[in-house]
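Notes follow once the structure below has been shown.
Below, all heavy atoms of this structure are taken into account, side chains as well, without hydrogens, waters or symmetry copies. Fair warning: this is a prediction, and the values are worked out from it, not measured in the lab.
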Amino acid sequence: MKFTRTRGAALVVGALIAVAAVIHLRDPAPNAAEKKVMDKYTKDMRRVCFGRFVMDMPEQAEPKNGQMGYVFAEFQIDDKPKNLAQFNLAVGYKIEDLKKKAPYVERPMYYFDEAVGHSVRIVNQYTDERGDYFTPKAFVFLDGTTIQIEGVETNKREKYEQGFRAKLLDLLPRLKKLPEGEMPKEPGFCMVGAYIAGTNKNGENADLVMSLKGHPDFSFGVRTTVIDLARSEPMLIDREASIVSQMGAMIKGVKTLRKRKFKINGQEAQEWSVALPDARGVEYKLHVEVRGVPNSSDQPEMDISMSVGGNGAEGWVPASLSEGEALALWDALLNSIKLRPGAL
């Protein structure tokens, strides 16, 4: 289990932003025509919660969980098994696959499994060919939703029993389904489809990703991470001299849309957003970093990014939004990120 600071999308954004040392600032406000186009996305938005935060998204948005981490494990949600029979069948298939001899190794990766009640199965699988280490993974069926909870690898069964298993049993009564369009009415850590009730001071990271119907070239992501120690490395804009030195001639032709220092949730934030012209069209990369406060669930480190155009599943495509349209949607999303009332 790896709680990294950046997502894959943010890594791409960071690399592209790194070439944007030549600054050509524009008025970020969209013109009347661009505003009219974006009204259908920004006028009637719906609220989504992630971690301890909320944000507004267009009705056309399709939010999904990225890497969700809570104290002792990482969480994924699957809504395919619709009843307990389907759930048990799906978990059974996973166990049977592990019991088969794995490719390129000399032994099956299955170690042991156990049922906790009628809706929880814990499956332990080896993570090395010798069988020295194993990783626990729980499958929890919760009102039509399957939640997969993966712990860290260990080499002793007593560590599993006193660590992952004990923490899972403590967590289960607080793990609750969260129907679409609803918000928890109590303190808790949100995921798309579920939340964990209660308060906590560290060990949380929430990763929310969003696509947009009708715009296959669009992606948005926001990640919050509760850090243990204060960060000492420079933030986005503060790294400019080092970035420019590394990129050299690659800075030519890149247009900076916006470069600023500001605040989000009362925290220091830096934005560097660029347009990358190409003979085939243009792509936009928008990126914000937010400085976190150690051991603070209400002031975590944040990494926020949006991409329009560029490489996708079908190859390179030009941006489907204009410069003003991209900034209008970006601002609507960015400005809506807030601590959820009652989250703590």
Side-chain angles (χ1 to χ4, degrees), residues 7-10 12-13 27-68 77 79 178-184 190-195 206-224 257-258 262 264-265 269 271 273-275 281-288 290 302-314 317-341 343:
R7 303 175 305 280
V12 174
V13 172
D27 180 354
N31 60 39
E34 291 170 327
K35 187 177 185 305
K36 185 175 181 180
V37 169
M38 299 314 294
D39 274 352
K40 68 177 180 179
Y41 297 109
T42 60
K43 199 169 184 179
D44 297 312
M45 302 180 81
R46 58 192 170 106
R47 185 146 288 188
V48 177
C49 68
F50 62 100
R52 304 283 172 173
F53 285 74
V54 294
M55 70 172 296
D56 296 332
M57 289 189 171
E59 288 295 330
Q60 301 88 341
E62 297 179 317
K64 295 180 180 178
N65 294 310
Q67 187 183 50
M68 292 289 186
I77 294 180
D79 59 0
L178 185 62
E180 184 177 354
E182 294 188 14
M183 289 284 151
C190 283
M191 298 170 276
V192 177
Y195 75 98
D207 193 5
L208 181 68
V209 296
M210 180 189 99
S211 57
L212 194 64
K213 293 178 183 177
H215 296 272
D217 61 312
F218 174 93
S219 65
F220 174 89
V222 53
R223 181 177 178 82
T224 65
L257 303 178
R258 184 190 288 153
F262 65 115
I264 290 181
N265 189 44
E271 176 182 359
S273 296
V274 303
V282 66
E283 57 181 303
Y284 302 109
K285 302 293 181 183
L286 305 100
H287 191 189
V288 164
V290 182
M302 298 188 202
D303 194 281
I304 310 165
S305 61
M306 189 177 95
S307 177
V308 189
N311 290 315
E314 304 298 325
V317 292
S320 59
L321 301 176
S322 72
E323 187 176 297
E325 291 166 355
L327 282 166
L329 182 53
W330 170 247
D331 285 341
L333 296 171
L334 197 62
N335 294 336
S336 73
I337 297 174
K338 295 178 177 62
L339 184 67
R340 178 173 67 84

Salt bridge (charged side-chain N to carboxylate O under 4.0 Å, His left out) between Glu283 and Lys285: does it pass, once the steps are laid out? CA-CA 7 Å; Glu283 57 181 303; Lys285 302 293 181 183; 3.5 Å; yes
Let's go through Tyr195 and Cys49 carefully: what are the C-alpha distance in whole Å and the side-chain angles of both, what is the deciding distance for side-chain contact (heavy atoms from CB on, under 4.5 Å) to 0.1 Å, and is it a yes or a no? CA-CA 9 Å; Tyr195 75 98; Cys49 68; 6.0 Å; no
Run the side-chain contact (heavy atoms from CB on, under 4.5 Å) test on Phe53 and Val222 for me, step by step, so that the C-alpha distance in whole Å, both residues' side-chain angles and the decisive distance to 0.1 Å come before the verdict. CA-CA 10 Å; Phe53 285 74; Val222 53; over 6 Å; no
Evaluation steps, side-chain contact (heavy atoms from CB on, under 4.5 Å), between Val288 and Met302: CA-CA 8 Å; Val288 164; Met302 298 188 202; over 6 Å; no
Evaluate Leu334 against Leu286 for side-chain contact (heavy atoms from CB on, under 4.5 Å), listing each step before the verdict. CA-CA 11 Å; Leu334 197 62; Leu286 305 100; over 6 Å; no
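Remark: side-chain polar atoms of Arg340 are not paired, donor with acceptor, to backbone N or O of Cys190 under 3.5 angstrom. Judged by distance alone, the side chain of Asp207 and the main-chain N or O of Gln67 form a donor-acceptor pair under 3.5 Å. Of the possible donor and acceptor atoms, one in the side chain of Arg46 sits under 3.5 Å from a partner among the backbone N and O of Ala61. The closest donor-acceptor contact from the side chain of Tyr284 to the backbone of Gly309 lies at 3.5 Å or more, if one exists at all.
Among Gln60, His215, Glu59, the one residue that satisfies the side chain to side chain donor-acceptor pair (under 3.5 Å) test with Tyr41 is His215. Among Lys64, Met55, Met191, the single residue meeting the side-chain contact (heavy atoms from CB on, under 4.5 Å) criterion with Leu208 is Met55. The one candidate from Val192, Leu333, Val48 that meets the side-chain contact (heavy atoms from CB on, under 4.5 Å) condition with Met210 is Leu333.
Atom CE of Met306 is separated from atom CG of Asp331 by 9.0 Å, given to the nearest 0.5 angstrom. The structure places CD1 of Ile304 at 9.5 Å from OG1 of Thr224, a figure rounded to the nearest 0.5 Å. With rounding to the nearest 0.5 angstrom, the CD atom of Glu323 is 6.5 Å from the CG atom of Leu327.
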